[in-house]
Amino acid sequence: MKKIILSAFSFLLLISIAITSCAQPGASGPDAAYVKDNYTKYEFQIPMRDGKKLFTSVYVPKDSTKKYPFMMDRTCYSVAPYGPDKYKGSLGPSPAFLHDGYIFVYQDVRGRWMSEGIYEEMTPEKEVHKTDNDVDEGTDTYDTIDWLLKNVKNNNGKVGVWGISYPGFYTTTALLSRHPALVAASPQAPIADLWRDDGWHNGAFFLVANFGFYPGFTNRQNDKPTQRRGGRFNPGTNDGYDFFLKMGPMKNTNDKYYKDTIRLWNEMMDHPNYDQHWKDRNVLTHLHDIKTAVLVTGGWYDAEDLYGAINTYKTLVKENPKTPVYFTMGPWVHGGWARGAGDHLGDIDFGGPTGPYYRDDIEFKFFSHYLKGTELNIAPINTFETGVNKWKAYKTWPPKEAEDKQLYLLPGGKLSFAAPAAGKDTYDEYVSDPNNPVPFLDHKSMDMDREYMTADQRFLADRKDVISYTSDVLTEDVTIAGNIWANLKIATTGTDADFIVKVLDVHPDTASNNKFTGKNVKMGGYQQMVRSEPMRGKYRNSIEKPEPFTPGKVTPVNWELQDVLHTFKKGHKIMVQVQSTWFPLVDRNPQTFVDIMKCDSTAFKKATQRIYTSKEHPSFLKVRVVN
């Protein structure tokens with residue numbers, strides 16, 4: 001997402017500052033001296049068609065004997081450092097760009113930092129622009145490109161745009177400028193649909209990720225340019241589970257802490273359903289008639305914008321079949337491909353560095369080809385296959401050879417590709433207590449720790465409100481490629497309920513530790529998370545119009561767990577876990593049909609949840625298996 005704050009709530013500020021700002025005043029590093037020696041920095045207030053001006057830093061190579069293409073990053077996270085004599089410590093997506101020579105452009109988007117205007121979160125894009133006042137990120141990009149081409153010397157008339165997270169969204173909207181000079185763009189971990197990416201996963205609110213973000217993000221709520229950073233929220237503890245449990249219902253975020261002072265937070269609290277507010281912020285509906293070459297990048301373990309990367313790619317390919325669209329997915333967290341080795345996550349070893357391969361052999365070559373005419377020899381789809389730790393190239397995603405299969409939850413905690421046999425209407429049940437929710441981490445933290453996406457789930461073994469279904473030991477490798485759909489048949493004693501499904505790779509008891517294995521952790525029997533997603537039951541039939549459960553009635557609840565490329569190796573087991581709380585990653589469902597953002601603590605009730613495992617009412621995962 002967006003998730004960038006100066007607080008203990010999120011590791012993502014450090015990632016974002018490094019990615020979008022590269023350096024602050026006084027920055028040093030291996031590239032800092034090179035930047036100053038080889039580039040001249042300019043600062044401009046570039047006028048938009050409605051008269052507003054956007055603050056823009058431009059770094060131009062001092063060697064004026066050549067013409068250079070533009071590489072542009074539009075951001076809501078500041079183009080700092082400010083001042084023509086204060087330089088970033090590096091430029092571009094990676095050092096390869098810096099040393100190859102480009103004109104680098106960094107722009108504060110409308111309403112943020114030193115740019116004029118009022119900020120809107122994920123600015124609604126317009127299909128038609130009848131007057132100069134019909135502005136959006138697409139028109140702002142168009143006007144910026146037009147100005148740069150006319151006012152910056154020694155450019156070759158070609159523009160590339162890149163950005164990660166929120167700047168990934170601005171890269172997607174740059175495509176909507178449809179400016180003929182924009183020849184290459186790379187939306188990386190882009191927000192595509194704010195409700196689905198960062199706010200509500202199938203209607204379940206991602207609490208810990210969002211709560212700490214907005215104080216730091218909110219450095220201004222008016223049209224007055226500023227260099228002031230947002231405030232810092234101090235929870236007074238590193239125990240997020242305890243903090244959010246004591247906070248009480250969601251309305252207490254304002255009653256106890258924010259006091260209705262943060263406009264963007266209130267917009268989220270006022271719109272829990274997928275209403276017009278969110279529909280206007282779904283950029284996917286506008287991705288047609290695109291001529292620009294695109295490289296969409298994401299990480300299999302991106303806790304913020306996995307949906308955005310996958311669905312931006314799928315939409316672009318579907319709506320623009322003649323446009324060159326490339327897709328890369330690696331074993332990365334949010335933005336993890338931009339810096340560092342990308343060789344592990346938590347205890348899980350990826351077999352070596354993966355980040356340099358992307359930066360040098362995919363990203364750099366993509367932009368160099370379209371902006372400078374160099375050779376391009378990359379596959380349309382480059383995906384990292386977790387489990388066996390190897391890169392796979394495909395022509396389409398999901399791969400055409402993937403076969404749909406159903407992985408059934410069976411009586412006795414069994415999991416199998418064979419359907420349940422005839423017999424009585426079997427089920428498993430558990431009591432879900434929102435006042436004693438299942439934790440998503442095995443340790444104290446105020447963050448959405450990125451490692452949770454591969455973390456060992458054995459710490460939940462004694463929880464009676466987590467049900468596990470396990471396959472026999474695999475006699476051959478099983479590779480799943482593409483999206484997973486959960487299809488549960490449930491009954492609840494409440495009128496609302498969340499259901500979380502987790503797909504795990506159970507390592508054999510003989511598995512050896514690796515160099516990244518944590519202290520006091522044994523890889524033997526490790527229950528590695530592969531994919532997981534919640535579903536807020538009231539949205540099972542419509543994300544726009546929630547409806548209650550009828551207590552005791554067998555009801556289908558289906559939702560997408562998103563894409564994977566993972567091999568469960570011979571000798572491993574596949575496990576599926578089902579639970580109804582996941583705290584404080586997800587806010588607590590009171591298990592009564594109420595407005596969860598506005599209700600008080602009296603709404604929270606225990607409920608008994610049944611998961612059916614019979615021939616009459618089968619529960620299963622729909623997966624795509626590559627033979």
> Ignoring hydrogens and angles, tell me if any N or O in the side chain of Glu319 forms a donor-acceptor pair with the backbone of Val317 under 3.5 Å.
no

> Of all the heavy-atom pairs spanning Asp193 and Asn282, show the shortest one and how long it is.
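Heavy atoms only, the tightest pair is OD2-ND2, 3.6 Å.
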
> Closest heavy-atom contact between Gly212 and Pro215?
O-CD, 3.7 Å

> Using salt bridge (charged side-chain N to carboxylate O under 4.0 Å, His left out) as the criterion, list what pairs up with Lys390, not counting sequence neighbours.
none

> Is the NZ or CZ atom of Arg220 positioned over Tyr119's six-membered ring, under 6.0 angstrom from the centre and within 45° of the axis?
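Because its charged atom misses either the 6.0 Å distance or the 45° angle limit, Arg220 does not stack over Tyr119.
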
> I need the Thr328 OG1 to Ile362 CD1 distance, nearest 0.5 Å.
4.0 Å

> Under 4.5 Å between any side-chain heavy atoms of Phe243 and Pro584, yes or no?
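Contact flag for Phe243/Pro584 side chains = no.
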
> Do Arg458 and Gln527 have side-chain atoms, one donor and one acceptor, less than 3.5 Å apart?
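On atom types as modelled, these side chains do not qualify, holding no pair under 3.5 Å.
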
> Compute the centroid of each ring, for Tyr394 and then for Phe327, and state whether the two points are separated by less than 6.0 Å.
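Ring centres of Phe327 and Tyr394 not closer than 6.0 Å.
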
> For the residue pair Gly92 and Tyr106, what are the closest heavy atoms and their distance?
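Closest pair (atom of Gly92, atom of Tyr106, distance): N-OH, 2.9 Å.
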
> Before you tell me yes or no, could you show the steps for Ile164 and Thr171 under side-chain contact (heavy atoms from CB on, under 4.5 Å), namely the whole-Å CA-CA distance, both residues' side-chain angles and the distance that decides it to 0.1 Å?
CA-CA 8 Å; Ile164 299 174; Thr171 304; over 6 Å; no

> Dump the intermediate steps for side-chain hydrogen bond (donor to acceptor under 3.5 Å, both in side chains) on Asn558 and Arg540, then the final yes or no.
CA-CA 7 Å; Asn558 306 329; Arg540 65 194 179 278; over 6 Å; no

> With Phe205, which residues qualify under ring-ring contact (aromatic ring centres under 6.0 Å, His included), at least two apart?
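With sequence neighbours excluded, Phe205 shows a ring-ring contact (aromatic ring centres under 6.0 Å, His included) to Trp200, Trp265, given in chain and number order.
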
> Between the side chain of Thr581 and the main-chain N/O of Phe583, is any donor-acceptor distance below 3.5 Å?
no

> Taking salt bridge (charged side-chain N to carboxylate O under 4.0 Å, His left out) as the test, write out the residues that go with Asp498, two or more places apart.
Arg536

> Got a donor-acceptor contact below 3.5 angstrom from the Gln227 side chain to the Met114 backbone?
no

> I want to check something: taking the side chain as every heavy atom from C-beta on, are Ile500 and Val586 in contact at a cut-off of under 4.5 Å?
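A side-chain contact under 4.5 Å is absent here.
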
> Nearest 0.5 Å, please: how far is NZ in Lys251 from NZ in Lys256?
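Here the interatomic distance stands at 9.5 Å.
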
> Is there a donor-acceptor pair under 3.5 Å between the side chain of Asp197 and the backbone N or O of Ala192?
yes

> Between atom CZ of Arg229 and atom OG of Ser78, what is the distance when rounded to the nearest 0.5 Å?
5.0 Å

> Tell me every residue that passes ring-ring contact (aromatic ring centres under 6.0 Å, His included) with Trp332, counting only those two or more places apart in sequence or in another chain.
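ring-ring contact (aromatic ring centres under 6.0 Å, His included) check on Trp332 returns Trp337, Tyr358, Trp391.
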
> Are Asn589 and Pro434 packed together at the side-chain level, in the sense that at least one heavy-atom pair is separated by less than 4.5 angstrom?
no

> Is there a donor-acceptor contact under 3.5 Å from the side chain of Asp447 to the main chain of Asp449?
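No, the answer is negative, given that no donor and acceptor are paired below the 3.5 Å cut-off.
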
> Just how far is it from atom CD of Gln577 to atom CE of Met529, taken to the nearest 0.5 Å?
8.5 Å

> For His201, check side chain to side chain donor-acceptor pair (under 3.5 Å) against everything at least two apart and list the hits.
Glu533

> Tell me if a side-chain donor or acceptor on Asn254 pairs with a main-chain N or O of Asp260 at a distance below 3.5 Å.
yes

> With a 4.5 Å limit on heavy-atom distance, are the side chains of Pro167 and Arg74 in contact?
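No, too far: nothing below the 4.5 Å cut-off.
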
> Suppose we screen for ring-ring contact (aromatic ring centres under 6.0 Å, His included). Which residues come up paired with Phe366, at least two apart in sequence or across chains?
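So Phe366 forms a ring-ring contact (aromatic ring centres under 6.0 Å, His included) with Tyr326, Tyr370.
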
> Quick one, Met329 with Trp397, criterion side-chain contact (heavy atoms from CB on, under 4.5 Å). Give me CA distance, side-chain angles, the key distance, then yes/no.
CA-CA 11 Å; Met329 292 292 291; Trp397 183 263; over 6 Å; no

> With side-chain contact (heavy atoms from CB on, under 4.5 Å) as the test, would you mind laying out the steps for Asp305 and Asp198 before giving the verdict?
CA-CA 7 Å; Asp305 298 310; Asp198 294 288; 2.9 Å; yes

> Name all residues meeting the ring-ring contact (aromatic ring centres under 6.0 Å, His included) criterion together with Phe516; count only those two or more places apart in sequence or in a different chain, and write none if there are none.
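By the ring-ring contact (aromatic ring centres under 6.0 Å, His included) rule, Phe516 matches His344.
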
> Mind checking what makes side-chain contact (heavy atoms from CB on, under 4.5 Å) contact with Ile543, not counting sequence neighbours?
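Here the qualifying residues are Trp195, Tyr274, Tyr539.
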
> Who passes salt bridge (charged side-chain N to carboxylate O under 4.0 Å, His left out) against Lys318, sequence neighbours left out?
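For Lys318 there are no salt bridge (charged side-chain N to carboxylate O under 4.0 Å, His left out) partners, ignoring immediate neighbours.
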
> Do Asp270 and Lys598 sit within salt-bridge range, that is, some charged N less than 4.0 Å from a carboxylate O?
yes

> Before giving the answer on side-chain contact (heavy atoms from CB on, under 4.5 Å), spell out for Tyr526 and Val521 the whole-Å C-alpha distance, their side-chain angles and the decisive distance to 0.1 Å.
CA-CA 9 Å; Tyr526 197 99; Val521 175; 3.8 Å; yes

> I'd like to know if the side chain of Asp349 reaches the main chain of Asn514, judged simply by a donor and an acceptor atom lying under 3.5 Å from each other, with no hydrogens or angles considered.
no

> Asp275: what forms a side chain to side chain donor-acceptor pair (under 3.5 Å) with it, not counting sequence neighbours?
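So Asp275 forms a side chain to side chain donor-acceptor pair (under 3.5 Å) with His271.
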
> Above 12 or not: heavy atoms from other molecules or residues under 6.0 Å from NZ of Lys444?
no

> Quickly, which of Lys502, His566, Met575 forms a side-chain contact (heavy atoms from CB on, under 4.5 Å) with Val530? Name it, please.
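In the set Lys502, His566, Met575, the residue that makes a side-chain contact (heavy atoms from CB on, under 4.5 Å) with Val530 is His566.
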
> What residues form a salt bridge (charged side-chain N to carboxylate O under 4.0 Å, His left out) with Arg281, not counting sequence neighbours?
Glu120

> Assess whether a salt bridge exists between Lys538 and Asp496, defined as any Lys/Arg side-chain N lying under 4.0 Å from an Asp/Glu carboxylate O.
yes

> Between Val79 and Trp113, is there a side-chain heavy-atom distance shorter than 4.5 Å?
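Counting from C-beta outward, Trp113 and Val79 never come under 4.5 Å.
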
> Less than 4.5 Å apart, side chain to side chain, heavy atoms only: is that true for Pro534 and Trp559?
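No, too far: nothing below the 4.5 Å cut-off.
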
> Taking Asp280 for the side chain and Pro124 for the main chain, is one N or O donor matched with an acceptor at less than 3.5 Å?
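Between the backbone of Pro124 and the side chain of Asp280 there is no qualifying donor-acceptor contact (under 3.5 Å).
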
> Between atom CG of Leu316 and atom CG of Asn311, what is the distance when rounded to the nearest 0.5 Å?
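So the gap between those two atoms works out to 10.5 Å.
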
> With heavy-atom distances below 4.5 Å as the criterion, would you say the side chains of Leu441 and Phe459 are in contact?
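No, side chains not in contact.
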
> With sequence neighbours excluded, tell me which residues meet side chain to side chain donor-acceptor pair (under 3.5 Å) with Glu544.
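Checked Glu544 against side chain to side chain donor-acceptor pair (under 3.5 Å); matches are Lys279.
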
> Would you kindly say whether Thr144 and Gln107 are connected by a side-chain donor-acceptor distance under 3.5 Å?
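On atom types as modelled, these side chains qualify, holding a pair under 3.5 Å.
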
> Is there side-chain contact between Phe97 and Leu91, with at least one heavy-atom pair below 4.5 Å?
no

> Rounded at 0.5 Å granularity, tell me how far CG in Leu194 sits from CE in Met122.
6.0 Å

> Please answer whether the main-chain N or O of Leu54 pairs with a side-chain N or O of Thr56 as donor and acceptor at a distance below 3.5 Å.
yes

> Indicate yes or no for a side-chain donor-acceptor contact from Thr123 to the backbone of Asp136 under 3.5 Å, with no hydrogens or angles considered.
no

